Student: 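After the structure tokens below, expect a handful of questions from me.
Small disclaimer: the values here were computed from a predicted structure and weren't measured. Quick note on labels: first sequence line is chain A, next is B, and so on, each numbered from 1.
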Protein chains: 2
Amino acid sequence: MVKFSKKLEYALISLRHISNAGAEVTRVRDISEKYNIPHDLLAKILQKLKKENILDSSQGINGGYTLNRKLNEIPLSELVNIIENSTSIVECMHDEDNNCMITDSCTIKDPLSRIQSEFENILKTKMISDFV
Amino acid sequence: MVKFSKKLEYALISLRHISNAGAEVTRVRDISEKYNIPHDLLAKILQKLKKENILDSSQGINGGYTLNRKLNEIPLSELVNIIENSTSIVECMHDEDNNCMITDSCTIKDPLSRIQSEFENILKTKMISDFV
DNA sequence: ATAAAACCGGACTAATATAGTCGTATTTAA
DNA sequence: TTAAATACGACTATATTAGTCCGGTTTTAT
């Protein structure tokens with residue numbers, strides 16, 4: 001019904017860890033070993049966060065990640081959008097020709113979508129710093 | 001992230017249909033055929049709603065369902081609880097011995113759970129009649 | 001040069017959750 | 001007594017999520 005994915009958890013854990021490390025770079029392996037998170041999966045998550053400029057990275061033998069933005073300036077909604085596949089809260093009921101099955105007026109989808117909006121607004125008001 | 005199941009959609013569609021039928025009993029087949037919903041699946045949903053006293057039923061050849069409660073007195077949260085499997089928004093990170101992996105204090109789970117509560121509060125304020 | 005790190009993409013498998021099916025029992029009007 | 005309905009549990013199928021594996025390239029301190 002409403003559930004965050006493991007990936008989002010991993011992202012939050014990582015952001016906290018990297019934030020606590022301050023100027024010191026954090027390797028994927030550091031986080032992966034400490035919290036028992038699969039290395040390859042985590043690596044992809046951090047690469048995404050880098051690409052979206054939430055993290056900074058340096059390559060090479062002493063490379064790793066540092067924070068690029070303040071956690072109290074990143075709304076949870078942003079992280080969710082980066083990490084999770086967005087799907088609409090409810091699909092319309094279609095027949096074979098893609099026509100809505102509820103002939104008169106669809107009074108179901110709109111109100112449910114409005115719930116989705118309300119939920120997304122909650123996520124916008126929460127900053128990552130509230131969680132880590 | 002936040003998504004209603006098909007079952008919930010089917011339940012809302014059915015409640016609307018049955019509500020519109022008034023005192024006349026509605027068979028599973030009526031709804032199943034009209035909206036192209038799998039009969040057996042729908043049957044189980046309506047059985048659950050019967051068990052929870054949202055619907056009334058009569059068996060036998062002229063049997064079917066009628067409404068047992070007013071739709072404006074049933075919060076969406078109640079329907080969700082009946083239909084969907086409740087799962088916590090986020091599981092704790094455990095090691096093999098079921099100890100929390102985040103040693104100091106878990107600052108992640110609680111705030112995420114609070115989001116869940118806020119969401120559930122939204123669902124409590126919406127009545128089924130708002131959707132059908 | 002080498003080793004260890006990020007970086008990249010895609011294909012694959014495994015696990016879990018959701019959706020849907022099947023068989024059979026019970027009820028009841030005609 | 002039959003046909004059509006609800007009732008119910010076990011099962012299969014599909015979709016989504018989680019995680020793995022491969023086969024690299026690029027970067028950089030030592």
Student: Could you check which of D:dT20, D:dC8, C:dA6 has an atom nearest any side-chain atom of A:Tyr65?
Tutor: C:dA6
Student: When we call it a touch if two heavy atoms are under 4.0 Å apart, what does A:Asp40 touch: a base, just sugar-phosphate, or nothing?
Tutor: base
Student: Map A:Lys50 and B:Ser58 onto DNA chain C by nearest heavy atom, then report which one ends up closer to the 5' terminus.
Tutor: A:Lys50
Student: Roughly, in whole Å, what's the span from CD1 in A:Ile37 to P in D:dA18?
Tutor: 12 Å
Student: For A:Arg29 and C:dA5, is the shortest distance between a side-chain N/O and OP1 or OP2 below 4.0 Å?
Tutor: yes
Student: In terms of the nearest nucleotide of DNA chain D, which residue is placed more toward the 5' end: A:His39 or B:Gly64?
Tutor: B:Gly64
Student: B:Glu84 and B:Lys3: salt bridge (charged side-chain N to carboxylate O under 4.0 Å, His left out), yes or no, with the steps?
Tutor: CA-CA 11 Å; B:Glu84 316 230 335; B:Lys3 190 160 173 58; over 6 Å; no
Student: What is the distance, rounded to the nearest whole Å, between atom CD of A:Glu84 and atom C1' of D:dA18?
Tutor: 13 Å
Student: Side chain to side chain contact (heavy atoms under 4.5 Å, CB included) with B:Leu46: which of B:Ile54, B:Val28, B:Thr26?
Tutor: B:Val28
Student: Distances under 3.5 Å only, N/O to N/O: pair up the protein atoms with those of nucleotides 10-12 of chain D.
Tutor:
residue: D:dA10; atom: N6; partner: B:Lys44; partner atom: NZ; Å: 2.2

Student: Would you call B:Lys126 and A:Glu118 a salt bridge, taking side-chain N to carboxylate O under 4.0 Å as the test?
Tutor: yes
Student: Find the distance A:Leu41:CG to C:dG10:C1' and express it as a whole number of Å.
Tutor: 15 Å
Student: If only side-chain N and O atoms of A:Tyr10 are considered, is one of them under 4.0 Å from the OP1 or OP2 phosphate oxygen of D:dT17?
Tutor: no
Student: Closest nucleotide of DNA chain C for A:Gly63 versus for A:Lys51: which of these residues is on the 5' side?
Tutor: A:Gly63
Student: Determine whether B:Asn68 and B:Leu55 make a side-chain contact, defined as any pair of heavy atoms from C-beta on separated by less than 4.5 Å.
Tutor: no
Student: Where is the tightest heavy-atom contact between B:Ala11 and B:Leu49, given as atom of each residue plus distance?
Tutor: CB-CD1, 4.4 Å
Student: Measuring from the side chain of B:Asn62 (C-beta onward, heavy atoms only), which nucleotide among C:dG9, C:dA29, D:dT30 has the closest atom?
Tutor: C:dA29
Student: Please figure out whether A:Lys7 or B:Thr26 has its closest DNA chain D nucleotide nearer the 5' end.
Tutor: B:Thr26
Student: For a 4.5 angstrom cut-off between non-hydrogen side-chain atoms, does B:Ile83 reach B:Tyr10?
Tutor: no
Student: Enter the distance from A:His17:NE2 to A:Ser32:OG here, rounded to the nearest 0.5 Å.
Tutor: 11.0 Å
Student: Between D:dC8 atom C1' and B:Leu42 atom CG, what is the distance in whole Å?
Tutor: 15 Å
Student: Is there a donor N/O on one and an acceptor N/O on the other, under 3.5 Å, for the side chain of A:Gln59 and the base of C:dA5?
Tutor: no
Student: Send over the distance from B:Leu8 CG to C:dA19 P, rounded to a whole Å.
Tutor: 10 Å
Student: Name the closest nucleotide to the B:Ser57 side chain, picking from D:dA18, C:dG20, D:dT6.
Tutor: D:dT6
Student: Rounded off to whole Å, could you give me the CZ-to-P distance for the B:Phe4 and D:dA15 pair?
Tutor: 22 Å
Student: Any salt bridge between A:Glu52 and A:Arg69, counting N to O under 4.0 Å?
Tutor: no
Student: Please report, rounded to the nearest Å, how far the P atom of C:dA6 is from the CG atom of A:Leu46.
Tutor: 8 Å
Student: Looking at C:dT28, C:dG20, D:dT20, which one has an atom nearest to any side-chain atom of B:Ile61?
Tutor: C:dT28
Student: Give the rounded distance in Å between these two atoms: CD1 of A:Ile45 and P of C:dC8.
Tutor: 16 Å
